Number of protein chains: 2
Amino acid sequence: MAQSDTVDRILDAAEELFADRGFSETSLRMITSKAKVNLAAVNYHFGSKNALIHAVFARFLTPFSATLENAFDDLEARCEGEPPTLNQTLWALTESAVRMPQRNEKGISIFMRLLGLAYTQSQGHLRKFLEQEYSQPFSRFMRLLKEATPQLSSVDRYWRIQFMLGATAFTMSSSDALRDILQNKLGVETTVQEIAARLVPFLAAGMQAEDAMLVPPAHKSSVA
Amino acid sequence: MAQSDTVDRILDAAEELFADRGFSETSLRMITSKAKVNLAAVNYHFGSKNALIHAVFARFLTPFSATLENAFDDLEARCEGEPPTLNQTLWALTESAVRMPQRNEKGISIFMRLLGLAYTQSQGHLRKFLEQEYSQPFSRFMRLLKEATPQLSSVDRYWRIQFMLGATAFTMSSSDALRDILQNKLGVETTVQEIAARLVPFLAAGMQAEDAMLVPPAHKSSVA
DNA sequence: TTGCCGGTCAAACGTATGTTTCAAACAGAC
DNA sequence: GTCTGTTTGAAACATACGTTTGACCGGCAA
C-alpha cells in the first residue's frame, strides 16, 4: 500500500493519458484522478510534471534498451564477424520491442505511441533526457545500419534513415487512430505486431531502393 | 493598412509558431506579440483560437488543393485512360507542393510540418475541419494510388500509405533541422527539392515491396 | 459638423494549470 | 505506548490561458 502502489498507479495513469492525448494536453489533475491519488502526490514522488514524463519513459525505455543490447549482441555473435543484414537488424529492433514484458495488452502500442510523441512534440526537456540516457543503443543501431548498407553514400543513407524514422514514429504515434479507421472502413482487426511486420519490409525495400534520381522521371515512365 | 495587414500578420506569426512548437504549446499572446498586434485582434478577426488554426491551414491548403487537382487533371489527360503509374502520381504530388508560390524560403517546410502536426497532435476539431474541407483531392490521390498498385491488398495498401505519409510529413517537418545536421556532419548543402527527389524513390520502393511477411525471417537470411 | 462604424487598445474576466503548504495519518523502531 | 520519519489529504497559491468588455480612434457619408 505504501510508496510503490501510489507511484505505480501514477505512472500507469500518466502513461495511458500521455499516449492518448499528448503531454501538454494532459493535466496533473487528470492523471491523479484517474490514478485515484491525491494531486500533491505527483510533485511529492516525482518533483515536477516534466520529471514524471521522464519517469514514464524510463520505466519502459531502460529495460527495453537492455533487451535491445542483448538482441544486438546475439545478432552479432550469430554473424561471426560478418555484419548483420539490414533485415536482420530491423527485425532485431522490432522483436525486442514486441517481446518486451508488457503490463497489459495495450503495452506495446502505448510504448510506440509515446516514442512517436517524443519525436513529434517539441518538448525540449524530453529530447535532452532521452539523448542523455539512451544514446548508446541508438548509436549502436546506427552503426549496424551503416554496416548493413555499404552500397549507400553517407548522404543517401542519412536521408533514408530519416525516412525510416519518420514512417515508424509517425505510424506508431497515431497507430490507435489508424487501427480504428481501418476497422471501421475495412472491418479488419490489427495488432501492433502485424503493423510492425508490415512496416519492416516497407522500410527495407525503401532503404535499398535504386539510387535516388535527382530529376523527375520522363512522362509515362514506369517504376521498378 | 486596414484589416488585411493585421489579419496577415497574425496568420504569418501563427503559422510559424505553430510549426515550431505545436498548437497547444503556442499561446495567443505569443502570436500577437510576434505579430505586433493587440491580443484581442485574434478573437476579433477569427473568433477563437481554433478558428485561427483552421484559417492558417486554409490559407495554404486551399490554393494547394487547387494546384493539385490541376496536376492530377494534366496527369490523367496525358495518360489517356491508362492509370498513371505510382511514380507519376507521387511526382505530381511533390511537384505541386514544391511549386506552390511560397511566402518565404521556409514556406515548404512549414507547410509540411503543419500537416504532420495536424495528423499527430490530437486536435479533434482540426481533423474534422480538414476532412470536411479537403476530402476531395485527398480521395482522388487515394484513388490514383489504388489504381497504381493493383497488386496490393486493401490492407497492405492502407498501411503503406500511412508509412509514406509518415516518412514525408516527418522528414519535411524537420527538414530545416535535418539540413543543418547534414551540413555540419557531412558538409553538404541540400534543398527541399533534393530531399523530395530522394524521398520519392524511397517511397515508391517501399510501396512496391514484396508482400509483407508476417513472421521474422530465419536467421542469417538476406534481404532483396 | 454630426453620426456612424470597422478597427484597435488596455484592462479585466473566469477558468485551468503546476506547484506549495501544512496538518493529519501512518508505519516501523525503540 | 511513544517517538520519528514518511506519505497522504484538502486547501490554497501564483501564474498563464482564452475570451470578453467598453472606451477610443480615424475615416467617411450625410
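By convention in this document, chain letters (A, B, ...) are assigned in the order of the sequence lines, proteins followed by strands, and residues within each chain are numbered from 1. Side chains are part of it too, since the values below use all heavy atoms of this structure and drop only hydrogens, waters and symmetry mates. Computed from a predicted model, the values in this text were never measured in an experiment.
Residue B/Arg21 contributes atom CZ, which lies 13 Å from atom P of D/dA16 at whole-angstrom precision. Between B/Tyr44 atom OH and D/dA23 atom C1' the separation is 15 Å, expressed in whole Å. Taking atom CG of B/Leu17 as the reference point, atom P of D/dG18 lies 12 Å away to the nearest angstrom. Atom CZ of B/Phe46 and atom C1' of C/dG7 are 14 Å apart (whole Å). Here the C1' atom of nucleotide C/dA11 and the CG atom of B/Asn38 are 10 Å apart, to the nearest Å. Here the P atom of nucleotide D/dC17 and the CD atom of B/Glu25 are 12 Å apart, to the nearest Å.
Legend: residues meeting side-chain contact (heavy atoms from CB on, under 4.5 Å) with A/Ser135, ordered by chain and number and at least two apart, are absent. Checked against side-chain contact (heavy atoms from CB on, under 4.5 Å), B/Pro137 has the following partners two or more places apart in sequence or in another chain: B/Ser65, B/Leu68, B/Glu69. For A/Phe129, the ring-ring contact (aromatic ring centres under 6.0 Å, His included) test picks out A/His54, with sequence neighbours left out. Taking B/Phe64 as the reference, B/Phe111 meet the ring-ring contact (aromatic ring centres under 6.0 Å, His included) condition, with sequence neighbours excluded. Every residue meeting the side-chain contact (heavy atoms from CB on, under 4.5 Å) condition with A/Thr67, not counting sequence neighbours, appears here in chain and number order: A/Ser96, A/Met100. B/Ala148 is linked by a side-chain contact (heavy atoms from CB on, under 4.5 Å) to B/Leu86, counting only residues two or more places apart in sequence or in another chain.
Neither OP1 nor OP2 of D/dT7 sits under 4.0 Å from any side-chain N or O of A/Thr6. Side-chain nitrogen and oxygen atoms of B/His45 include at least one within less than 4.0 Å of the OP1 or OP2 phosphate oxygen of C/dT8.
Applying the salt bridge (charged side-chain N to carboxylate O under 4.0 Å, His left out) test to pairs two or more places apart or on separate chains, those with a residue in residues 32-61 of chain A are A/Asp12-A/Arg59, A/Glu15-A/Arg59, A/Glu16-A/Lys34.
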Base versus backbone protein contacts along nucleotides 12-19 of chain C [heavy-atom cut-off under 4.0 Å; B, S, -]: B----BBB
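Remark: the A/Thr6 side chain and the A/Tyr44 side chain contain no N/O donor-acceptor pair separated by less than 3.5 Å.
Comment: A/Glu147 engages A/Arg143 in a salt bridge, judged by a side-chain N to carboxylate O separation of less than 4.0 angstrom.
Near DNA chain D, meaning a heavy atom under 4.0 Å away, there are no residues from residues 52-61 of chain A.
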